[in-house]
> 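I have a structure I would like to understand better, so I am pasting it below and will then ask my questions one at a time.
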Amino acid sequence: MSRAIKRIYMGIIFLFLYAPIIVLIVFSFNKSKSRGQWGGFTLSWYAELFKSRQIREALYYTLLVAVLSTLISTVVGTIAALGINNMGKFSRTVILNMNNLPVLNPDIVTGVALMTLFISVKLELGFLTMLIAHIVFSIPYVILAVLPKLRQMNKHIAEAAMDLGATPSYALRKVIIPEISPGIISGALMAFTLSIDDFVISFFTAGTSATNLSILVYSMAKRGVKPTINALSTLMFLTVLILMLIINKKSDKGEEILL
Amino acid sequence: MKKNLRVLSYPYTVWMAIFIVVPLFLILFYSLTKGDIHNISSLEFSLESYKKVLEPLYLKVIRDSFLLALVSTMICLVLGYPVALIIANTDHKYRNLLLMLFLVPMWMNFLLRTYAWMSLLSPNGLINRFLTMIGLPRLEIMPGKVAVLLGMVYNFLPFMVLPIYTVLSKIDKHVLEASSDLGGNRLVTFMKIILPLSIPGVVSGITMVFLPAVSTFVISGLLGGGKTPLIGDLIEQQFLFSRNWHFGSSLSIILMVMILISMAVMSRIDKNNQDEGGKAK
Amino acid sequence: MGKNLIELKNLTKRYGDMTAVDSINLTIKENEFVTLLGPSGCGKTTTLRMIGGFEDPDEGQILFEGKLLNPIPAYKRNINTVFQRYALFTHMNVFENIAFGLRIKKIPKNEIERRVKRMLKLVDLEGFEKRNVDSLSGGQQQRVAIARALVNEPKVLLLDEPLGALDLKLRKEMQIELLDMQRSVGITFIYVTHDQEEALTMSDTVVVMNKGLIQQVGTPQDIYNEPLNRFVADFIGESNIIEAIMPEDYKVAFDDVVLDCVDKGFAKNEPVDIVIRPEDIRIVTNPDDGMIKGTVKSVIFKGVHYEMIIESDIREYMVHRTMMFPVGSYVGMNIQPCDIQVMKRGEPL
């Protein structure tokens, strides 16, 4: 009895979760332009998608920003984490609280605050400001991923390396960085996912000269439902799905990354 | 060695000062001034923009945002707790699969998830076609508050389920056995053991849902159709269209204060819960 | 034993207001097994870390083979360390951990292979080359840490509570193995521990430290039998420590008794502390045959002996005997002059 209830309940929840996505995917192959009626199978929306210069450009910006912001925030975040780990208790708390601000603040506040800054210093909104904004919100996550690994590490490990003849920089490169590499990798993955997924902060900091995919989808969706967005959504969803499956297979701690 | 490494954090400290602290001070600054934002010398101290927030029109927006976020958080809690409980009690073999299935929709960009609901709920969307076909009255919820609520629940439900699930799955099974050993039936065990132990998960779940819900402007923009503007929509409007940074800034400050207060309340609840647990022992 | 290898001269280290190591002087010889012994916070680990190069002394010198070691960074010192909890590199396997120092020295591959293999044999871990260090037991990790240090053929091996994380049985086994290793490789060991039994078992020389100061340096026998002060007597083994005075040479007086002893040279009626080890008090059944009379208050069986607390009119004595006297019996106690260790009066404990 209670088993049946559980199953029915989970069934309804999963229906609720998956129905919109499935409808979206199915209708991306719909010949009819209307959203309620099935007019036969077609790939023409996908073809239109690939022909669109606008979408190609948005894809280019999305990927470029994601790759660059991931690289920069991973390097800067790891270096900063090394420094923070060796700070006194008081300054560490201050720095970490500052670091947590973009994590805790609503995206919209981070977005408008950065936009205000950029405009105030007469920096034209565009690719560069969007990139800076992505780095701003990514570094805190990298630090939060790397710091616990540094804390877990035996505190004498750097000394052990130097004891065996390693110079400080050799110890850093060959021992400390490899020891904390799981944290660095999950920080980088987090930064990449967040960048690809971000809409709100990009929306306020990208201006009109650089449009990424999520901004494009928003402006198209605001004007109404279009089958090309269905096709785009399907592709984006499948890409992320495949990416996540690969990541999860490679990492033992899949759950952490899922979050 | 320790001192040398400390230096590594200095560049980032400077970075944080410029890109995290200064922008927030700018917001605070603009919220407390009036004048032409492009002409710094014209700016003067003023509480005008905060006064504007108190106008009935805007007070209603703030109240709406708060209530909608609160209601959607409660719905997420009611819907999500059983889900977390069921997943946590599933056989180890299927548990990860179930969790995975639950999380896969999350991997879709939340814009797209919200957009998906648009095509379902719109006046001549799939649901209405279906209802008309079987002769039922049409569902006129989009654009509107109900659609926004639905979008919030859909988007943020996993934020509720995950922390609760995490806490539930960590409860020592022996504790449950001890309870039944001591004569507690399943209801007693749930009310006296599982529920109190899961409070930390519930608290962080509530925070994680309420935070994005109260500050969203995408969901209300797409599913509310401008009929029920939320505080997020107002901020967007002020910064992008009305160009009234002063008002937009004061709204942002109020949003932050609202969130700070609700986080403080939640952490107080969490703390009280732990203290009581301590006393009971 | 050989010539002087390490000399500490007025070595001092302060942390803020606290003086961790207070102007200590110590000479360590070649092939010596030296143990720094003391309670936590006594400065023993700080001393070791200064020798290793991980802390800079505030004052004083460290000489290594007569040359000043202070300005030389850790990675250039011909000294290796076995760290507390080992500090193994978890991203490397056993072989790579041990080969780490050799790779830095750019030693040829086949030579590295040969030396690592030899080390694995020495620490009894043959066949573990490819194992992940996380998969090893505490004792095995310990051996890897020792091999990783010894493979570099240092002149001195520093060991910072290396057995602290192991359980009692394994600790006893490793004590013996460590001692064997030290004998077979023939290098100086400087060993830090707070376990007095470990120190007495393994060392050629024990350095007892407290509050940043060296209390006594000597062989284990010296330290045990002739503690220089109350702290050493109390820290090493169980003992009866009694405040007494020396009315004249070869006599100590306390409570209502005057006992013969073998010490002289104190001023008349000088206050002293005396130490009587529990196993040095003999019990006679007839109280009148004893120098001190008392009643047995408690008896605990300790395996080899019984531990009895015997109460005189004024104080309690701890006595270890293989024969048991039942609780309540009124007995006499005798102490031989040579079993009374007289020390200058120190600070009260």
Side-chain angles (χ1 to χ4, degrees), chain A residues 6 9-10 13-14 16-21 23-24 27 34-37 76 79-80 82-87 95 98-99 101-102 105-109 112-117 120 132 136 139 158 168 197 199-200 204 214 217-218 221-222 225 229-230 233 236-237 240-241 244 255 258-259, chain B residues 1-2 4-13 15-16 19-24 26-27 30 79 82-83 86 101-105 107-113 115-120 122 124-126 128-129 154 162 211-212 215 217-218 221-222 232 235-236 239 245 248 252 255-256 259:
Chain A
K6 272 186 202 169
Y9 184 74
M10 287 306 274
I13 292 285
F14 279 129
F16 174 62
L17 288 174
Y18 279 91
I21 295 172
V23 168
L24 201 77
F27 273 67
S34 145
R35 61 197 101 171
Q37 232 160 15
V76 176
I79 291 172
L82 281 166
I84 292 168
N85 190 46
N86 286 288
M87 285 185 144
I95 297 277
M98 258 207 268
N99 183 59
L101 278 174
N105 248 339
D107 283 353
I108 189 169
V109 175
V112 297
L114 280 169
M115 176 187 143
T116 313
L117 175 77
S120 297
I132 292 175
V136 169
I139 293 178
D197 218 41
F199 162 67
V200 177
F204 286 103
S214 55
V217 169
Y218 183 71
K222 265 218 135 166
V225 178
I229 311 185
N230 290 347
S233 308
M236 282 170 79
F237 178 61
V240 177
L241 191 71
M244 286 306 234
E255 272 182 52
L258 282 171
L259 306 177
Chain B
M1 181 71 193
K2 242 175 131 63
N4 296 341
L5 277 176
R6 206 172 296 172
V7 175
L8 295 177
S9 70
Y10 296 167
Y12 181 56
T13 311
W15 169 274
M16 280 198 293
F19 291 109
I20 296 177
V21 179
V22 169
L24 289 176
L26 277 176
I27 293 288
Y30 281 118
L79 285 180
V83 174
I86 291 171
L101 276 176
F102 187 78
L103 289 172
V104 164
W107 298 346
M108 191 167 202
N109 186 298
F110 92 113
L111 262 177
L112 300 180
R113 271 181 279 149
Y115 167 77
W117 277 102
M118 277 176 81
S119 43
L120 279 177
S122 65
N124 47 359
L126 198 65
N128 276 330
R129 297 254 172 175
Y154 183 76
L162 277 178
L211 233 90
S215 62
F217 71 98
V218 176
L222 294 182
I235 295 174
E236 181 205 356
F239 277 97
W245 284 15
S252 304
L255 178 64
M256 281 168 74
I259 285 170

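Letters go in sequence order (proteins before strands), and every chain restarts at 1.
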> Would you mind checking which part of A:Val109 comes under 4.5 Å of any heavy atom in chain B, side chain (CB onward), backbone (N, CA, C, O), both or neither?
side chain
> Taking the side chain from A:Tyr18 and the backbone from B:Leu101, do they hold a donor-acceptor pair closer than 3.5 Å?
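Confirmed, A:Tyr18 side chain pairs with B:Leu101 backbone.
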> Taking side chain as everything from C-beta outward and backbone as N, CA, C, O, which of these in A:Asp197 sits under 4.5 Å from a heavy atom of chain B? Side chain, backbone, both or neither.
both
> What part of B:Val21 lies closer than 4.5 angstrom to a heavy atom of chain A: side chain, backbone, both or neither?
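Contact with chain A is through the side chain of B:Val21 alone.
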> Name the region of B:Met256, side chain, backbone, both or neither, that has any atom closer than 4.5 Å to a heavy atom of chain A.
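Answer is side chain: those atoms of B:Met256 sit under 4.5 Å from chain A.
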> Between B:Pro11, B:Ser215, B:Pro105, B:Pro82, which residue shows the highest count of heavy-atom pairs closer than 4.5 Å to chain A?
B:Pro105
> So B:Phe110 and A:Phe199, would you call those rings parallel, tilted or perpendicular, with 30° and 60° as cut-offs?
tilted
> Ignoring hydrogens, what is the shortest heavy-atom contact between A:Met10 and B:Ile86? Give both atom names and the distance.
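Heavy atoms of A:Met10 and B:Ile86 come nearest at CG-CG2, 3.8 Å.
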> Side chain, backbone, both or neither: which part of B:Val22 has a heavy atom under 4.5 Å from chain A?
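When you check distances to chain A, only side chain atoms of B:Val22 fall under 4.5 Å.
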> With chain A, which of B:Leu255, B:Ile235, B:Leu26, B:Ile259 has the greatest number of heavy-atom pairs at distances under 4.5 Å?
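Of B:Leu255, B:Ile235, B:Leu26, B:Ile259, B:Leu26 has the most heavy-atom pairs under 4.5 Å with chain A.
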> Between A:Ala113 and B:Pro23, what is the shortest heavy-atom contact and its length?
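Closest approach of A:Ala113 to B:Pro23, heavy atoms only: O-CB, 3.4 Å.
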> If you take all heavy atoms of B:Leu120 and A:Pro20, which pair is closest and at what distance?
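Looking at all heavy atoms of both residues, the closest pair is CD1-CA, 3.7 Å.
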> Of all heavy-atom pairs between B:Gly221 and A:Lys222, which one has the smallest distance, and what is that distance?
O-CE, 4.0 Å
> Side chain, backbone, both or neither: which part of A:Met236 has an atom under 4.5 Å from a heavy atom of chain B?
side chain
> Please state whether the side chain, the backbone, both or neither of A:Leu24 comes within less than 4.5 Å of a heavy atom of chain B.
side chain
> What are the two closest heavy atoms between A:Phe16 and B:Tyr154, and how far apart are they?
O-CE1, 3.0 Å
> About how many Å separate CE of B:Met16 and CD1 of A:Ile95, when rounded to the nearest 0.5 Å?
4.5 Å
> Can you tell which part of A:Ile13 gets under 4.5 Å to a heavy atom of chain B, answering side chain, backbone, both or neither?
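When you check distances to chain B, only side chain atoms of A:Ile13 fall under 4.5 Å.
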> What residue in B:Ile27, B:Leu79, B:Leu111, B:Leu24 has the most heavy-atom pairs under 4.5 Å with chain A?
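If we count pairs closer than 4.5 Å to chain A, B:Leu111 comes out on top.
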> Does the plane of the ring in A:Phe14 sit parallel, tilted or perpendicular to the ring in B:Phe102? Use 30° and 60° as the thresholds.
perpendicular
> With a 4.5 angstrom heavy-atom cut-off, could you sort out which part of A:Val76 is near chain B: side chain, backbone, both or neither?
side chain
